[in-house]
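Down below is the structure, laid out as structure tokens.
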Amino acid sequence: MSLHRLLPHDTFSSSLGSLSQVGSSKASVALLNAVKSFPTFGDIIARIGLWWEQIRAVVVVPVFKFLVAICLIMSVMLFVEVMYMGIVVLYVKLFKRKPEKVYKWEAMEDDVECGSDSYPMVLVQMPMYNEKEVCEQSIAAACKISWPSNRMIIQVLDDSTDPASKELVKKECERWSKEGVNITFEIRDNRNGYKAGALREGMKHSYVKQCDYVAIFDADFQPDPDFLLRTVPFLIHNPKLALVQGRWEFVNADQCMMTRLQEMSLSYHFTVEQQVGSSTFAFFGFNGTAGVWRISALIESGGWNDQTTVEDMDLAVRATLRGWKLLYIDDLKVKSELPCSFNALRSQQHRWTCGPANLFRKMAGQILRNENVSVWKKLYMLYSFFFIRKIVAHVLTFCFYCVILPATVLFPEVTVPKWAAFYLPSLITLFIAIGRLRSIHLLAFWVLFENSMSLVRTKALVMGLLETGRVQEWVVTEKSGDALKTKLIPQVPNVRFRERVHLLELLVGAYLLSCGIYDIIYGKNTLYVYLLFQSLAFFVVGFGYVGKYVPASSS
């Protein structure tokens, strides 16, 4: 029997309503409890903050402290290396250890009986690629070298793809040939191996077999007439010498701020790094131009190899491992040109950083296993030349001064000693500036610019070590040539905005700016002064507003 039949209709309805009210009340309470238990936006933020504090304390801060410790070690290593090189240079200067005192050298003179035949045959190689801005002045300088014309062959190796450039070089060679200069114009139907491939092909010509030495000048280099008279005697009287290298001098160093800053870095490279290597272990990286090689040493070392984009350094390493010695002459200056376009400088710095890193990857094992050189020379090549100067210097500059040091304002628990943050880098910077005292007033700009360029170099370093990306990229550096003789004015490059913008530099600039603002608001030190100026430098570089000077007539 149903409940409906046992109870009156009204009683049944009221009972059902009561049950409904009870169920509705429980649902409301459950819903209310559920709503109360659901976290609010403030609760979510609080929980995220708690998680972040835990991650920060357990992971982030310890990692940054570890990275700081690594950077401190690298700072000390770099400082010791710089001081060591300073002591060597000071010793060379104080005791006047010029190459003529270390190696036998006698001036070249005509033999009464043999005449000019007493001079050895010298090949002068000039690799070129679309160099119409500089080819005339460089070919002219090579043709004016003081050496018997019948004892010198000038070989212009033109890989130009621009018909106008190729025709101009050809006509210049023909003009000097008519004046009695022994000059040849050589071309090939491909660019395999780039510069190394051109030099290698040039050595295959039959007339090269009669030559004892080969001098190499890039398209923008203008040797003085006495270049061979100062270099070849070293090779003649010192049979274990494979190379005599001259120093670069820059005709456009005063063209703009960017060229002045480049001059400071390269002056240190030649005055200190090259001189130290030559004076201590008779090893340094050949600069690819303004040098004279003993052809027999070049051939014995395997010739030109295009396994990396630094075929010059590669050859120097292989020659050293064969037991040959290299000599650098600091007061033998050869005129050349600095890149005044920022994109050209970026490409050059990429090649100059990626190439050595890639060469280190490929040659470290061979250096270790070699039995022709001493343990100390191996140590110098692997540690000082490659590891400290080609790897540590770039990693430290970007990672420490552009990433980790700025991050310390966000993490007060991570501290950097003043000696590492200020004293050591200041001493290193001052020592580098000594090599170019005329630009010492630009020291602050040099630091900011070098730090900005460290991003390009670090990227290239990683590509070289891992052998990825643009590891084999070769972009010929733009030249200005005769434009340098005219009045120069700054001009924004006439290219699209996107082509001038470098996103990674802008991101690093934004990061430094954020750290600087945070330090102003919450910090307890004055690091924001450095951070704001450095962020400005990255923005200037990132937007491409540096370098690029053109003749006033073009404006």
Side-chain angles (χ1 to χ4, degrees), residues 39-79 357 387 391-426 428 447-448 450-463 465-466 468-469 502-539 541-542:
T40 63
F41 181 75
D43 293 333
I44 294 174
I45 297 299
R47 290 182 183 180
I48 292 175
L50 181 61
W51 292 338
W52 165 243
E53 289 299 325
Q54 293 174 343
I55 295 173
R56 173 190 175 119
V58 176
V59 179
V60 179
V61 171
V63 168
F64 267 98
K65 287 184 176 180
F66 173 75
L67 293 176
V68 167
I70 296 296
C71 289
L72 295 184
I73 294 172
M74 290 194 295
S75 295
V76 173
M77 293 166 66
L78 182 61
F79 177 75
F387 183 65
I391 297 178
V392 168
H394 301 314
V395 172
L396 182 67
T397 302
F398 177 69
C399 294
F400 187 43
Y401 298 110
C402 300
V403 178
I404 296 174
L405 186 61
T408 58
V409 303
L410 306 175
F411 306 102
E413 308 95 320
V414 182
T415 58
V416 176
K418 286 185 178 180
W419 61 263
F422 179 75
Y423 297 123
L424 285 193
S426 297
I428 293 173
V447 171
L448 296 175
E450 283 293 299
N451 287 351
S452 301
M453 289 301 299
S454 67
L455 174 58
V456 174
R457 296 176 181 134
T458 303
K459 284 167 50 185
L461 175 67
V462 173
M463 289 181 189
L465 289 176
L466 300 181
T468 59
H502 306 288
L503 183 59
L504 287 180
E505 278 83 352
L506 294 178
L507 291 175
V508 175
Y511 165 71
L512 292 169
L513 179 61
S514 301
C515 291
I517 295 174
Y518 185 91
D519 193 39
I520 293 174
I521 300 174
Y522 301 106
K524 297 180 181 180
N525 52 48
T526 57
L527 190 60
Y528 65 86
V529 176
Y530 159 73
L531 295 175
L532 295 181
F533 277 112
Q534 189 61 71
S535 66
L536 178 61
F538 268 99
F539 284 131
V541 168

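Because the structure is predicted, anything quoted here is derived from the model rather than measured.
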Report all side-chain donor-acceptor pairs from residues 397-409 shorter than 3.5 Å, counting only partners two or more places apart or in another chain.
{"unit_1": "T397", "atom_1": "OG1", "unit_2": "A393", "atom_2": "O", "d": "2.7"}
{"unit_1": "T408", "atom_1": "OG1", "unit_2": "L405", "atom_2": "O", "d": "2.5"}

Closest heavy-atom pair and its distance - T458, H394:
OG1-O, 3.5 Å
Roughly how far, to the nearest 0.5 Å, is the CG atom of L531 from the CG atom of L536?
12.5 Å
Nearest-0.5 Å distance that lies between atom CZ in F538 and atom CG in L506
10.5 Å
Which pair of heavy atoms, one from L465 and one from I391, lies closest together, and at what distance?
CD2-CD1, 4.1 Å
How far apart are the closest heavy atoms of C71 and L396, and which atoms are they?
O-CD1, 3.6 Å
Would you say that L410 contacts F64 through its side chain, given a criterion of any heavy-atom pair below 4.5 Å between the two side chains?
no
Side chains of L513 and L532: does their closest heavy-atom pair fall under 4.5 Å?
yes
Give, for atom CD1 of I73 and atom CG of L78, the distance between the pair rounded to the nearest 0.5 Å.
14.0 Å
Work out which heavy atom in A420 is nearest to a heavy atom in V416; give both atom names and the distance.
CB-CG1, 4.2 Å
Heavy-atom closest pair (K65 atom, E413 atom, distance to 0.1 Å) is CE-O, 3.4 Å
What are the two closest non-hydrogen atoms of Q534 and V447, and how far apart are they?
OE1-O, 4.3 Å
Do other residues, nucleotides or ligands put more than 12 heavy atoms under 6.0 Å from F411 CZ?
yes
Taking distance alone, no hydrogens or angles, what donor-acceptor pairs closer than 3.5 Å link side-chain atoms of residues 514-522 to residues at least two apart or in another chain?
{"unit_1": "S514", "atom_1": "OG", "unit_2": "A510", "atom_2": "O", "d": "2.8"}
{"unit_1": "D519", "atom_1": "OD2", "unit_2": "L527", "atom_2": "N", "d": "3.3"}
{"unit_1": "D519", "atom_1": "OD2", "unit_2": "Y528", "atom_2": "N", "d": "2.9"}

Would a 4.5 Å heavy-atom cut-off, applied to side chains only, mark Y511 and L507 as touching?
no
Once rounded to the nearest 0.5 Å, what's the spacing between atom CG of L448 and atom CD of E450?
10.5 Å
List the steps and the verdict of side chain to side chain contact (heavy atoms under 4.5 Å, CB included) for H502 and L455.
CA-CA 11 Å; H502 306 288; L455 174 58; over 6 Å; no
Interatomic distance, K459 atom NZ to S454 atom OG [nearest 0.5 angstrom]
11.5 Å
